Engineer: 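One structure, pasted below without further comment.
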Amino acid sequence: RGRLSFARHERKDEARHALAMRPEILNPLFAALTDLKGVGPQLAKPLARLGLERVVDVLFHLPTGLISRIPVERLDQAQAGQTIIVDLTAQDYRSGRSPRAPFGVEAVDGAGDHVRLVYFGRTSGLARKLFPLGEKRRVSGRLDLYGDMRQIVHPDHVAELGDETAIAEHEPVYPLTEGLTNARLSQLAEVAIDRRPDLAEWIDAPLLAGRGWPAWREALARAHAGPRDEAARDRLAYDEIFASQVALMLIRQGLRTRKGRAVVGDGRLTSALKLPFGLTGAQERVGREIAGDMAQDVPMLRMLQGDVGSGKTLVALRAMLTAVEAGTQAALLAPTEILARQHHATLQQMLAGLPVNLAILTGRDKGKVRESTLMGLADGSIDILVGTHAIFQQHVAYKDLALVVVDEQHRFGVAQRLMLTDKGARPPHLLVMTATPIPRTLLLANHGEMDVSRLDEMPPGRTPVDTRVVSVDRLDEVIDGLGRHLASGAQAYWVCPLVAESEASELAAAEDRAALLRERFGAAAVGLVHGRMKGPDKDAVMARFEAGEIGVLVATTVIEVGVNVPAASLMIVEHADRFGLAQLHQLRGRVGRGTAKSVCLLLRSQNLSETARERLALMRETNDGFVIAERDLELRGGGELLGLKQSGDADYRLAIPEQLVRLLPVAHDDARLFVERDGGMDGPRGEAVRLCLYLFERDAAVPLLRSG
Ligand code: ADP
Ligand code: MG
């Protein structure tokens, strides 16, 4: 699942662990969909594209629309534009002159009033089969007037009489994808609903009644009946938020009750760092907060938020040096190979001349090099280790790890954060850094277990990026502009559209774009990186871009985090309206790193909604990530879960932003009462809440509790 971004075998371990602990009553919900009758690999594919792999996924995949059909006896009881159910008898067929003309079925209702059923495309065979002449059928569809003739284009259901339930008056409409019909998904939803067990109630009875919410089982049935049942939907969203809040509190509690170690430096390394500039006020302040935490024997759990370019690396380095001064080790975890190497290079440069032993470890290091790194970690001769998640694999043993820094934290879920602190007898201090400006609401929602520091001041001497929104009609002009930019010796990024439905088409779009630009600027001037490339290939292209050998780098969003190429001063983002604002802000942060004035061109689709327009305008108006994040959440309001996913907060699948904002404070308070007043997992509500945690897969916190 999206939340677990670790290597596959680790994911499997985690799944096995969950299985061993999960209350049995939930097992039917966690069965694979392919275990169900009639769900084969053919259907599994589109289902997986929607994130639907297990019964529970379908259970939480709620309809977003509702078709209501009006049953009528006679056509003259209905008005044009209404979707109706009516019994009709076919009298005649009408084929058009050309094969592409629509095929018509002339039909009458019980009173002899006439309607034409219209089929486009090569569907005459189907139409003849559905409507044998002279036989009555129950039909539903939208009644339209064509001139003064009634017609129904592509009736949505045709049923033989006698099967009275064949056409529902109300039909929920689910989010779909190619290869999956609403009817099929509705059937699966029915199976899922049937399987839902009767669970002990985790919400206090008086609270439940006071809020006017249905019981869990009823809430699910009602939420699947259509999108408008607010009480049912709120209850389910609340459950999810509550589970997440309880988990975060338990994690915090669990970690805080484990004794950590006080790490106090003597300043001999931090003061020996040679910097061509002074610290910003924010860096000073945050540095003190971190040092203060590390000096306690309670493990630090701190998030460092700072916009791209705000100088997080230096803050992290100073914290790591403090650990080294105290005779312990520190580790810096990066989400990708590229970033790990870049961090390693940067730190190596900054540490030149200091008696600090820095090493790197990624999944790609093998053989002797790897062996010697592992030895150095075990005997303590390595002071600071930089790497990908490989640095936390089971067989990697540290002599004395006292500080873990995680960069670009949003790729790591709660479960990962927990695992990080599992190394060693005493949990290390944990500092997670993120450039994603997370609105306060979401901060509490997803990272409520942590303290937060903000780097809210940029180092001096930066010119803000000039952002412009350009319609995609003007693609030619944009490419001309890119030509002039490249001719002047500068470099550029070209980010290709995010295609949610399929990785393959995302790749195709990037390849097409690269081909077009190569035609224009020559093959050597254009590089391409995308998510499907192997690590070394990707790194090779990145290295050539960094060295200035490539003028324009075409990329899917893999460049989103971290890369640093100061000579790149132009960023072009295609279909900018498909990105979350936080993501756009991060992309934009790739430029404006050198002394040259930088430009970011956001190419927008031709027809934009008002909200989409406003969102892009916001990008033009401000460079402040926090302002963008808060405003984006407001603009998104309800409904657009995709936006949340894009901004990296995929932790919720039921709660939409609007519900998160409204229900989070409630769930937060309830979770606190449960943990602090009602005895938590060992109290009378423990068993019920445990079900809720497992149901929403927030169970990473459960074992912790038992031992702590
Ligand atoms: P980020 O927060 O995006 O990780 P970095 O740590 O990469 O930012 O810093 C961005 C750039 O700013 C680096 O080149 C770094 O050397 C520089 N920098 C960091 N702190 C300062 C400062 N106080 N004054 C001037 N430049 C700084
Ligand atoms: Mg950084």
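Note that the structure is predicted; figures quoted are calculated from it, not measured.
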Engineer: Side chain to side chain donor-acceptor pair (under 3.5 Å) with Arg454: which residues, sequence neighbours excluded?
Structural biologist: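 Arg454: side chain to side chain donor-acceptor pair (under 3.5 Å) contacts with Gln305.
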Engineer: For the residue pair His485 and Ser569, what are the closest heavy atoms and their distance?
Structural biologist: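 Reported closest heavy-atom pair: CE1-OG, 3.2 Å.
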Engineer: Ignoring hydrogens and angles, tell me if any N or O in the side chain of Arg544 forms a donor-acceptor pair with the backbone of Gly527 under 3.5 Å.
Structural biologist: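 Not at all, since once roles are kept as given, no pair shorter than 3.5 Å links the two residues.
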Engineer: Kindly compute the distance separating OG1 (Thr556) from NE2 (His530), expressed to the nearest 0.5 Å.
Structural biologist: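 It is 7.5 Å, given to the nearest 0.5 Å.
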Engineer: Once rounded to the nearest 0.5 Å, what's the spacing between atom CG of Leu275 and atom CZ of Arg318?
Structural biologist: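 So the CG of Leu275 and the CZ of Arg318 are separated by 8.0 Å.
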Engineer: If you look only at pairs with a residue in residues 269-292, which of them pass as a salt bridge (Lys or Arg N to Asp or Glu O under 4.0 Å), with sequence neighbours excluded?
Structural biologist: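 Residue pairs passing salt bridge (Lys or Arg N to Asp or Glu O under 4.0 Å), neighbours aside: Arg285-Glu289, Arg285-Asp456, Glu289-Arg302.
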Engineer: I need the Ser244 OG to Met249 CE distance, nearest 0.5 Å.
Structural biologist: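 So the gap between those two atoms works out to 9.5 Å.
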Engineer: Going by the salt bridge (Lys or Arg N to Asp or Glu O under 4.0 Å) test, which pairs reach into residues 366-392, not counting sequence neighbours?
Structural biologist: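 Of all non-adjacent pairs touching residues 366-392, none passes salt bridge (Lys or Arg N to Asp or Glu O under 4.0 Å).
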Engineer: Specify the closest pair of heavy atoms between Thr622 and Arg588, including all atoms of both residues, with the distance to one decimal.
Structural biologist: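 Distance-wise, the nearest heavy atoms are O-NH2, 2.9 Å.
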Engineer: Just grab all the salt bridge (Lys or Arg N to Asp or Glu O under 4.0 Å) pairs involving residues 428-437, residues at least two apart or on different chains.
Structural biologist: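 Checked against salt bridge (Lys or Arg N to Asp or Glu O under 4.0 Å) - neighbours excluded - no pair reaches residues 428-437.
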Engineer: Would you say the side chain of Tyr398 lies within less than 4.5 Å of the side chain of Ile391, judging by non-hydrogen atoms?
Structural biologist: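 In contact.
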Engineer: What's the verdict on side chain to side chain contact (heavy atoms under 4.5 Å, CB included) for Met458 and Thr280, showing C-alpha distance, side-chain angles and the deciding distance?
Structural biologist: CA-CA 8 Å; Met458 286 299 222; Thr280 64; over 6 Å; no
Engineer: Please list all pairs meeting salt bridge (Lys or Arg N to Asp or Glu O under 4.0 Å) that have one or both residues in residues 329-340, counting only residues at least two apart or in different chains.
Structural biologist: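 Residue pairs with at least one partner in residues 329-340: Glu337-Arg341, Glu337-Arg364.
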Engineer: Who pairs with Arg268 by salt bridge (charged side-chain N to carboxylate O under 4.0 Å, His left out), at least two apart in sequence or on another chain?
Structural biologist: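 Listed in chain order: Asp266.
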Engineer: Could you point out which residue of Leu584, Asn623, Leu581 forms a side chain to side chain contact (heavy atoms under 4.5 Å, CB included) with Ile628?
Structural biologist: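 In the set Leu584, Asn623, Leu581, the residue that makes a side chain to side chain contact (heavy atoms under 4.5 Å, CB included) with Ile628 is Leu581.
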Engineer: Salt bridge (charged side-chain N to carboxylate O under 4.0 Å, His left out) with Glu621: which residues, sequence neighbours excluded?
Structural biologist: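 Glu621 satisfies salt bridge (charged side-chain N to carboxylate O under 4.0 Å, His left out) with no other residue.
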Engineer: Return the CG to CG distance between Leu517 and Leu528, rounded to the nearest 0.5 Å.
Structural biologist: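 Reported to 0.5 Å precision, the distance equals 10.5 Å.
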Engineer: Please test Thr322 against Thr270 for side chain to side chain contact (heavy atoms under 4.5 Å, CB included), starting from the C-alpha separation and ending with a verdict.
Structural biologist: CA-CA 7 Å; Thr322 301; Thr270 45; 4.2 Å; yes
Engineer: For Leu693 and Met681: C-alpha separation, side-chain torsions, deciding distance, then whether side chain to side chain contact (heavy atoms under 4.5 Å, CB included) applies.
Structural biologist: CA-CA 11 Å; Leu693 288 178; Met681 301 306 279; 3.9 Å; yes
Engineer: Looking only at heavy atoms, which two atoms of Pro427 and Pro299 are closest? And how far apart?
Structural biologist: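 That closest heavy-atom pairing would be CG-CG, 3.7 Å.
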Engineer: Restricting to pairs with a member in residues 531-551, which pass ring-ring contact (aromatic ring centres under 6.0 Å, His included), not counting sequence neighbours?
Structural biologist: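 For residues 531-551: Tyr493-Phe545.
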Engineer: For a quick test of reading the model, state the closest non-hydrogen atom pair linking Gly592 to Val465 and the distance between them.
Structural biologist: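 Closest approach of Gly592 to Val465: CA-CG2, 4.1 Å.
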Engineer: Taking Asp293 for the side chain and Ile290 for the main chain, is one N or O donor matched with an acceptor at less than 3.5 Å?
Structural biologist: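 Such a contact is absent between Asp293 side chain and Ile290 backbone.
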Engineer: For Val404, is there any backbone N or O sitting under 3.5 Å from a side-chain donor or acceptor partner on His429?
Structural biologist: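 Here the side-chain-to-backbone pair does not exist.
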Engineer: Calculate, to the nearest 0.5 Å, the distance between atoms CG and CG belonging to Leu273 and Leu351 respectively.
Structural biologist: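 If I round to the nearest 0.5 Å, the distance is 6.5 Å.
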Engineer: Do Leu385 and Leu401 come close enough that some side-chain heavy atom pair is under 4.5 Å?
Structural biologist: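 No; the side chains remain at least 4.5 Å from each other.
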Engineer: Show which side-chain atoms of residues 326-334 pair as donor or acceptor with protein atoms under 3.5 Å away, not counting sequence neighbours.
Structural biologist:
| unit_1 | atom_1 | unit_2 | atom_2 | d |
| --- | --- | --- | --- | --- |
| Thr328 | OG1 | Ala323 | O | 2.7 |
| Gln329 | OE1 | Lys399 | N | 3.0 |
| Gln329 | OE1 | Asp400 | N | 2.7 |
| Gln329 | NE2 | Leu377 | O | 3.1 |
| Gln329 | NE2 | Ile382 | O | 2.9 |

Engineer: With sequence neighbours excluded, what pairs up with Arg468 under the salt bridge (charged side-chain N to carboxylate O under 4.0 Å, His left out) test?
Structural biologist: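 Arg468 satisfies salt bridge (charged side-chain N to carboxylate O under 4.0 Å, His left out) with Asp466 only.
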Engineer: With rounding to the nearest 0.5 angstrom, report the CG to OG1 distance, Leu339 to Thr388.
Structural biologist: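 Result: 11.0 Å between the selected atoms.
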Engineer: Quick one: salt bridge (charged side-chain N to carboxylate O under 4.0 Å, His left out) partners of Glu325, sequence neighbours excluded?
Structural biologist: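 Glu325: no salt bridge (charged side-chain N to carboxylate O under 4.0 Å, His left out) contacts found.
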Engineer: Which pairs of donor and acceptor atoms, one on a side chain in residues 306-317, lie under 3.5 Å apart (sequence neighbours left out)?
Structural biologist:
| unit_1 | atom_1 | unit_2 | atom_2 | d |
| --- | --- | --- | --- | --- |
| Asp307 | OD1 | His585 | NE2 | 2.6 |
| Asp307 | OD2 | His585 | NE2 | 3.3 |
| Asp307 | OD2 | Gly625 | N | 3.0 |
| Ser310 | OG | Asp307 | N | 3.4 |
| Ser310 | OG | Asp307 | O | 2.7 |
| Lys312 | NZ | Gly306 | O | 2.8 |
| Lys312 | NZ | Asp307 | O | 3.4 |

Engineer: With a 4.5 Å limit on heavy-atom distance, are the side chains of Asp539 and Ile338 in contact?
Structural biologist: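 Touching, per the 4.5 Å side-chain cut-off.
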Engineer: With a 4.5 Å cut-off on side-chain heavy atoms, are Leu570 and Val552 touching?
Structural biologist: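 Side-chain contact under 4.5 Å: no.
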Engineer: Over all heavy atoms of both residues, which pair between Ile550 and Leu553 is shortest? Give the atoms and the distance, please.
Structural biologist: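 Here Ile550 and Leu553 meet closest at CG2-N, 4.4 Å.
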Engineer: Where do Glu457 and Gly281 come nearest, in terms of heavy atoms and distance?
Structural biologist: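 What the structure gives for the nearest pair is OE1-N, 3.3 Å.
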Engineer: Should Leu403 and Pro428 count as side-chain neighbours, where that means a heavy-atom distance under 4.5 Å?
Structural biologist: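 No, their side chains stay 4.5 Å or more apart.
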Engineer: Is Val541 close to Met533 at the side-chain level, that is, under 4.5 Å between some pair of heavy atoms?
Structural biologist: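 The answer is yes, as the side chains (C-beta and beyond) meet within the 4.5 Å cut-off.
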